[in-house]
Every structure is written in structure tokens, then in C-alpha cells.
There are 2 protein chains.
Amino acid sequence: METLLPKFDSVFSIDCVIFGFDDGELKILLIERNKEPFKDWWALPGYIVEQNESIDHAAERILYELTGLRDIYMDQFYTFGDVNRHPQGRVITVAYYAMIRLNGSKELKPVSNYASKAVWISVNDHPKLAFDHEKIFSRGFEKIRNKISYQPIAFELLPEKFTLTQLQQLYEVILSKKLDKRNFRKKMLNYGILKELDEKQKGVSYRAAKLYKFDKKKYSKLFQKELTFGK
Amino acid sequence: METLLPKFDSVFSIDCVIFGFDDGELKILLIERNKEPFKDWWALPGYIVEQNESIDHAAERILYELTGLRDIYMDQFYTFGDVNRHPQGRVITVAYYAMIRLNGSKELKPVSNYASKAVWISVNDHPKLAFDHEKIFSRGFEKIRNKISYQPIAFELLPEKFTLTQLQQLYEVILSKKLDKRNFRKKMLNYGILKELDEKQKGVSYRAAKLYKFDKKKYSKLFQKELTFGK
DNA sequence: TTACTTAGTGTAGAATATACACCTTATATT
DNA sequence: AATATAAGGTGTATATTCTACACTAAGTAA
């Protein structure tokens, strides 16, 4: 174990709150640190922004290194800049969230040099986190909870083909409350951004549900109109 | 990697989009730079974050240095981290917005070392800005436009006592559209966050309007309920 | 065939949003 | 005093959206 705390100037880092949905549960990707400080603690995946990369690029890189996934929608949500948030010096971190499809089990890549492992852990049952990562996580969760209320971002978390019940379950875990089935379906179908497929769920031991696809074109038409106060 | 975090020649800065409302116009506070790069250009007020201050503190400090105002509500809205956004090196900037009351003319303090003057300029008619400040400004404007649709933040911009017409004008300039007088009043009064005063406007050459005050207590009760999707 | 489990559907009432025009009141002018 | 001017202030009918609520249909497993 190292004891000497090095001195350094200000550093930028990125931390990622990466959400996945599987088996009715909302999960986040956590790593186990293999370095001081907070060695052996769980933490959000994150790393230093390199000198010649944009912060968006850094976020994508970190996601890629951990999951092998590219071209995932990521959004910056807050920057944490308290003086003492990192015990070794001044580190300001820009937090991003991402939402990715976990089709069954999505294997995680062996992780580079700063983590011994990376796992998907249920948001409702996650361990204590290093640094101020609990704060970052909560804020990220809050962010998607708010966002889902006015933009159906939830599709990012579902497989390409999904049932309305799966969609509703996802809303329910993000919002932490039960929704009415009929009202939910009415509202979703009314948006006109779902395409009904000629296909049904397979491998279930009860009546199979219709599958739907998300219609990206209609989505952008609908939701790029800005929010309005009304006349 | 060892415990030593890499040392980069990176700098954090804060940039502020400071809104004011006066005489029916929405304004922002701009400075004229007296240093290279972008000497003599207009820019958003901003400065380097010091080693031992939080980013929130830095934002407040910058606002104070320019306006002499403290305890103003400021909110971080986005962090800009493109590699080449600053011609002299890597500068990542955290952008904040603030809204302040301009009662008639609010005099600005003589500005410290990085600006020759600071002035209020109408948002609809502002000069070209240095760095990527146009992008920062637009994003900040967008932010308050969205926010005002679900939280009546506009009160920050008005004098303590105001008329409903003033409030409506402010909404109109932020949203860039005309609103219906009766519907606007109905909605605002329904929120229950306005206190009608026993006082009228003075110094106008027509029928004076009733003055209202913003009721902070009722506001927090009402708007701390989070946004919901409904049942 | 029966039991089980989830899929799928409609309607009525409440609340909210929208469209729309005229009289009132205070001041300034003659 | 009378008149002109300019903004203040108000109500109602219609459309739209939100909410609450319960049963039948379809497929699978025993």
C-alpha cells in the first residue's frame, strides 16, 4: 500500500454512470478499484481526460474500454468541483450518463489498469462507493428520472424488439412507482413512435406479447420541438 | 499507473451567462477583454478557478467581482471541453447561469484585470463573442428557456414588487412568443405563489396596476415535488 | 380439460389548456 | 369639465389531456 500522497496540479477526470436494464432490474456498471486511494472499493468507472482529447471523447473511450461498446448515446449531466473531493489533490470531474442494452448477459471486457473487475449491479442494492461517487450516482439517477418524464429515452435500455410490458417495467423501475397499464399503453402508442411488429415474444410459458420497435425518425420529429409554455 | 496522477498543463475556468431584465428587454452581462487572446473582443465574464476554491465558489466570486452582488442563485448548466476551444492551451470551462434583478440601472463595478469594461447588452442584439462563447451563451439561454417552462425561475429577474404585466413580458422575451393575457394570469395566480399587495404601481401615465410579491415559502412547497410521469 | 398466467382492451369524469373581446380605471390633454 | 389615451382587469365555452378502474382473450403447462 502506498502512503505517500503525491502533489499535483489540477486534473480533469470523467466519471460515468452507465445504466443497463435486464431482467426487470435497473443496473449500473461499477468497477472495483485496484489502486490507492480507495483501493478495493467500488467506484464509478472514470479516468483522467487526456491532454488531446475532448471530454466527450474521453467519456466514450472509458465506456468503450469497459464494455467494448461504441456509438452509445452519452450525455454530460453535471460537473463536480469541490476542493477536497479527491484525497490526492484537485480533481474536477465531469459526469456523464449512458444507457445501454443488456441483452441477456452482456460480457464486460477485462478492465485495463485501474480496476480489477467491472460488474453490473442493481441500482437498488449497490455497495458503498469511493470518493463522492454516491453523490454523482444519485444525481445521474435523478437526471434520467427527470428526463424520462419528457423524452422517451428509455428505448436505449431495451433490446431492439420489446413488449409494452417490458417498456412499462422499465418506466416503473426508473420512476420507482407503479403505472396503470391501460393509461401507459394509450400514452405510449399515442406518441406514434412505436412500430408494431408482425412478431411475438418467444420462449415464455404464457400468452406471448406483441413485439414493438422504436421508430427513430418519428421520434426526432416529435421531440425536437422544444418544450413550450403554451400560448 | 502509479498512485501519482499524471500532471497536465490543463486549466479549469468558469464562464458565466448572467441574465438581467430591464425595460422589457432581456440582457446579458458582457465584458470587453483587454488581454490577448481576443483582446478587445466581447466575451462572457469568466476566469480561472483557483486551486483552493470550489467551482461553485469561483462562479460566485466572478459574479461578485463584476456586479458587487452576492447570494445570487447560480446554476451550473454545461461543461465545455473541446480540445481547441482556447488558442493558448487546454482549458475546460464550466458554465453557470445567473439571473439578477436590474432595478432601473444597476451600476457595474470597475472590473479587475482581465476586462476593460462590463456592460448589459440585449440578448437579441449582442456582438460577436470571443472563444466559443456564442455556443455557451446559446446553451445557457436554451437552459433558462426550458427551465422556465416547469419552474417559475423568472422571479429572480424581477424587482421585489412587480405587476403581472411585467411578469408576462419577461416570459414573453424568454420564450420569444406572445402569451394570452387572461390565460397567463389564470395560470400564474393558480400556482398560488404570488402574494397580492395593497399597493399599486407608481409613476405611470395610465391606470396603475396592482403589485405582487413572490411567495418563496409556497414556491418551495409547490415545486419541490419532483416531475412525475403520472400514474 | 382445466388451471394458470400474462396480454390486451374502453369509457366516463375530472382537470387542464385554449381561444377569444370588452368594460374599467387612471392619467394627460384640451 | 370633458375627452382622449393607454393599459388594467376580467369569464366562459370548447377541446384536450389525465385519471381511475376490471374484465375477457390467448397461450402454456399440467
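In what follows, every chain begins at residue 1, and chains take the letters A, B, ... in the order their sequences are listed.
A:Leu189 places its CG atom 8 Å from the P atom of C:dT9, with the value rounded to the nearest Å. Rounded to an integer number of Å, the gap from CD of B:Gln168 to P of D:dA7 is 13 Å. Regarding A:Phe184, its CZ atom lies at a distance of 13 Å from the P atom of C:dA7, rounded to whole Å.
A:Lys143 and A:Asp75 are not joined by a salt bridge, as no carboxylate oxygen comes within less than 4.0 angstrom of a charged side-chain nitrogen. Electrostatic pairing of A:Lys177 and A:Glu172 does not count as a salt bridge here, judged by no charged N lying under 4.0 Å from a carboxylate O. Electrostatic pairing of B:Asp132 and B:Arg139 does not count as a salt bridge here, judged by no charged N lying under 4.0 Å from a carboxylate O.
Pairs passing the salt bridge (Lys or Arg N to Asp or Glu O under 4.0 Å) check and including a residue from residues 23-34 of chain B, sequence neighbours excluded, do not occur.
Each end of the helix from C:dT1-D:dA30 to C:dT30-D:dA1 gets its own rotation axis from five pairs of C1' atoms, and the angle between them is 0° to the nearest 10 degrees.
Residues A:Phe214 and A:Phe162 keep their aromatic ring centres 6.0 Å or farther apart.
Every residue two or more places apart in sequence or in another chain was checked for a side chain to side chain donor-acceptor pair (under 3.5 Å) with B:Lys195, and none qualifies. Not counting sequence neighbours, the partners of B:Thr79 by the side chain to side chain donor-acceptor pair (under 3.5 Å) test are A:Thr79. A search for side chain to side chain donor-acceptor pair (under 3.5 Å) contacts involving B:Arg61 returns B:Glu53, B:Glu65, not counting sequence neighbours.
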Once each nucleotide of nucleotides 22-30 of chain D is scored for protein heavy atoms under 4.0 Å, what B/S/- sequence comes out, 5' to 3'? B--BBBSS-
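Closest contact between the side chain of B:Asn183 and the listed nucleotides D:dG11, C:dG8, D:dC18 involves D:dG11.
Heavy atoms of A:Lys186 sit under 4.0 angstrom from at least one base atom.
Under 4.0 angstrom from either OP1 or OP2 of C:dT6 there lies no side-chain N or O belonging to A:Thr165.
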